[in-house]
Participant: 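Please find one structure pasted underneath; my questions will follow.
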Amino acid sequence: MTAVIQTRHLSKSYGRVQAVHQLNLEIKRGCITAFLGRNGAGKSTTIKMLLGMIAPSAGEGTVLGLSIRDAEANREMRRRVAYVAENKPLYGYMTVGQTIRFASSFYPDWCADRAKDLVNRYELPIDRRVRLLSKGMRTKLALLLAFSRRPDLLILDEPSEGLDPVGIEELLESLAGQAAEGTTVFFSSHQIAEVERIADYVCVLERGRLMVDASLDHLRESYRRIELVFPSAPLEHDFCISGVERIREHGCAVSIFASGNADAVVERARDLHATSIEIAPVGLREIFLETVREG
Amino acid sequence: MFFKLTPTTGQPLYLQLMQQVRHAVETGALQNGEQLPGIRTLAEELVVSPNTIAKAYSELEHEGILELRQGSGAFVCVKRRVLNLRDHMPSVQRRIRDLVDRLRDDGLQDDEIRRAFEAELLNPVEVARNA
């Protein structure tokens with residue numbers, strides 16, 4: 001599988017603040033990749049660097065094989081990438097219908113039929129001015145402009161912001177549909193439960209650094225929480241095993257958060273005569289929280 | 001046919017879908033020759049990545065449960081081996097249950113039994129020879 005987005009040591013600093021630090025990203029073609037991180041982790045900065053909207057302080061990157069630092073390559077790239085920005089910039093004085101007509105004139109890959117479908121599905125008031133739309137309606141209009149194209153790559157920055165649960169469901173259905181047509185999807189989100197359903201891959205950014213970069217299948221199969229009880233309190237270094245990310249002790253009870261190698265932990269616990277061993281799978285929410293709360 | 005995938009069970013979604021299709025075939029909920037929803041349709045319905053569906057369908061084709069026909073979709077196609085297996089399944093399950101009961105009587109715990117089974121299955125060639 002080839003990479004649609006690739007970065008090498010991509011960095012951005014504002015004065016002494018490192019917003020993005022030595023990022024090595026590789027987003028696979030034809031897949032849905034979710035980009036998670038707390039507010040201020042550097043997600044939007046990364047996306048804007050990929051799109052050529054802000055210049056990196058250091059490092060390199062390509063999108064669809066085109067350098068993100070080259071202005072000419074950038075124009076070609078923007079023709080093949082649909083992007084929905086975090087703040088959903090639209091012209092407030094235009095109506096919904098005018099906005100759609102205006103956008104359609106810029107993109108050769110525009111599908112008028114699909115735009116019409118989405119207006120109905122999203123129940124957008126065609127004659128209302130954009131500035132009078134609710135936040136959710138505004139988001140839906142911005143999404144419609146992206147989903148009415150057939151881009152090679154779809155980049156969405158917080159696409160579910162302002163949407164109600166029904167809107168989020170419609171958004172995810174649209175993402176699945178776009179991906180089924182071969183579009184690569186890269187989107188940032190705080191909606192962990194939704195990401196867990198739809199994404200093939202997940203990247204977690206924390207303070208500008210990539211902490212997790214894995215397929216959800218791999219996370220599901222590898223991450224485990226292991227709860228152990230011993231006759232007497234064990235030593236922490238008893239569980240210095242690769243894959244053990246965090247150990248919590250409370251008297252004779254030990255809770256281990258492992259990114260892999262759960263079998264080896266269980267083996268060790270048996271050797272130490274554990275009186276109780278429980279292994280449970282770990283959801284993405286827990287993996288995310290453990291990752292961003294580290295250190 | 002209704003499928004339901006649970007993202008938090010610690011098992012990849014494509015494996016869950018495979019199990020549910022297999023189960024539907026074993027119970028007769030899906031009949032031989034029946035067509036399954038297209039990749040896009042099922043991905044939108046279950047709100048999962050189309051790659052999840054594609055992977056499950058393709059693995060099920062390898063197992064001889066589905067046939068993927070160019071341009072027209074996925075069809076249940078239960079090969080003779082699978083049909084034989086389906087007929088034998090009740091007796092297989094009975095024998096395994098007896099063995100598990102005996103091992104439990106001997107004082108083994110369930111995950112110890114599971115691990116013993118898994119260790120034994122790591123050598124598929126010998127299993128095939130014995131069979």
Side-chain angles (χ1 to χ4, degrees), chain A residues 1 28-34 121 165 168-185 191-202 215-225 262-263 266-267 269-270 274 276-287, chain B residues 2-21 35-60 62 68 70-74 104 107-122:
Chain A
M1 240 181 287
K28 289 176 183 62
R29 186 180 298 279
C31 292
I32 301 178
T33 303
R121 194 149 140 221
I168 291 178
E169 201 69 7
E170 287 167 347
L171 160 69
L172 295 173
E173 283 168 18
S174 296
L175 287 185
Q178 289 273 332
E181 285 177 6
T183 298
T184 304
V185 180
Q191 305 286 338
I192 290 182
E194 280 74 29
V195 163
E196 196 161 31
R197 283 161 67 195
I198 199 144
D200 294 303
Y201 290 86
V202 56
S215 77
L216 270 157
D217 284 347
H218 173 77
L219 296 183
R220 288 196 179 98
E221 285 179 318
S222 310
Y223 276 74
R224 293 291 180 265
R225 182 167 297 288
D263 289 348
V266 170
E267 201 76 44
R270 268 176 223 285
S276 164
I277 301 176
E278 279 173 35
I279 311 179
V282 184
L284 185 59
R285 180 174 302 278
E286 203 175 341
I287 294 172
Chain B
F2 299 103
F3 300 112
K4 187 171 168 22
L5 307 183
T6 317
T8 49
T9 54
Q11 191 187 31
L13 298 182
Y14 80 93
L15 285 178
Q16 295 181 32
L17 183 57
M18 284 175 68
Q19 273 171 9
Q20 289 175 25
V21 172
Q35 184 173 13
L36 267 84
I39 289 174
R40 179 183 183 146
T41 309
L42 194 53
E44 286 180 337
E45 193 181 306
L46 297 175
V47 196
V48 296
S49 167
N51 294 316
T52 300
I53 315 290
K55 190 163 182 186
Y57 280 8
S58 130
E59 299 272 323
L60 286 166
H62 281 298
L68 304 183
Q70 182 74 42
S72 53
R104 278 178 181 152
L108 266 81
Q109 289 182 352
D110 281 4
D111 58 324
E112 286 164 342
I113 298 173
R114 188 173 301 121
R115 279 142 51 90
F117 261 95
E118 278 165 9
E120 206 56 47
L121 287 171
L122 280 179

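Order of the sequence lines sets the chain letters (A, B, ...), proteins ahead of strands, with each chain counted from 1. For clarity, every value in this text was computed on a predicted model and none was experimentally measured.
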Participant: For the atom pair CG (A:Leu172) and CG (B:Leu46), what is the distance rounded to the nearest 0.5 Å?
Facilitator: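 Answer rounded to 0.5 Å: 12.5 Å.
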
Participant: What distance separates B:Thr52 OG1 from A:Arg197 CZ, expressed to the nearest 0.5 Å?
Facilitator: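 Rounded to the nearest 0.5 Å, the OG1-CZ separation comes out at 11.5 Å.
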
Participant: Counting only non-hydrogen atoms closer than 4.5 Å, does B:Thr9 touch chain A with its backbone (N, CA, C, O), its side chain (CB onward), both, or neither?
Facilitator: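 Contact with chain A is through the backbone of B:Thr9 alone.
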
Participant: Once rounded to the nearest 0.5 Å, what's the spacing between atom NZ of B:Lys55 and atom CG of A:Asp200?
Facilitator: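 The CG atom of A:Asp200 is 9.5 Å from NZ of B:Lys55, to the nearest 0.5 Å.
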
Participant: In Å and rounded to the nearest 0.5 Å, what is the CD to CD distance from A:Glu169 to B:Glu44?
Facilitator: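 Separation between the atoms: 11.5 Å.
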
Participant: Would you say B:Pro7 and A:Arg220 make side-chain contact, with heavy atoms under 4.5 Å?
Facilitator: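 B:Pro7 vs A:Arg220: side chains touch.
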
Participant: How far apart are the closest heavy atoms of B:Ser49 and A:Ile198, and which atoms are they?
Facilitator: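 Scanning both residues, the minimum pair turns out to be CB-O, 3.1 Å.
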
Participant: Just verifying a value: how many Å separate B:Thr8 OG1 and A:Leu284 CG, rounded to the nearest 0.5 Å?
Facilitator: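 Spacing of OG1 (B:Thr8) from CG (A:Leu284) equals 10.5 Å.
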
Participant: For A:Gln178, enumerate each residue passing the side chain to side chain contact (heavy atoms under 4.5 Å, CB included) test, keeping only those at least two apart in sequence or located in another chain.
Facilitator: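 If we apply the side chain to side chain contact (heavy atoms under 4.5 Å, CB included) test to A:Gln178, skipping adjacent residues, the hits are A:Arg114, A:Phe147, A:Pro151, A:Leu154, A:Thr183.
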
Participant: Heavy-atom distance under 4.5 Å to chain B: side chain of A:Glu181, backbone, both or neither?
Facilitator: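 For A:Glu181, side-chain heavy atoms alone lie under 4.5 Å from chain B.
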
Participant: So what's closer than 4.5 Å to chain A heavy atoms on B:Leu15: side chain, backbone, both or neither?
Facilitator: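 The side chain, not the backbone.
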
Participant: Using heavy-atom distances under 4.5 Å, tell me whether B:Glu112 contacts chain A through its side chain, its backbone, both, or neither.
Facilitator: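 For B:Glu112, the contact with chain A is made by the side chain alone.
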
Participant: If I measure from the heavy atoms of chain A, does B:Ile39 come under 4.5 Å with its side chain, its backbone, both, or neither?
Facilitator: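 Looking at B:Ile39, nothing touches chain A.
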
Participant: Between B:Gly10 and A:Pro281, what is the shortest heavy-atom contact and its length?
Facilitator: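 Reported closest heavy-atom pair: CA-CB, 3.4 Å.
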
Participant: Minimum heavy-atom separation for A:Ala176 and B:Val48, please, with both atom names.
Facilitator: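 Heavy atoms of A:Ala176 and B:Val48 come nearest at CB-O, 3.6 Å.
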
Participant: Charged N to carboxylate O below 4.0 Å: is that the case for B:Asp111 and A:Arg270?
Facilitator: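 Yes, charged N to carboxylate O under 4.0 Å.
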
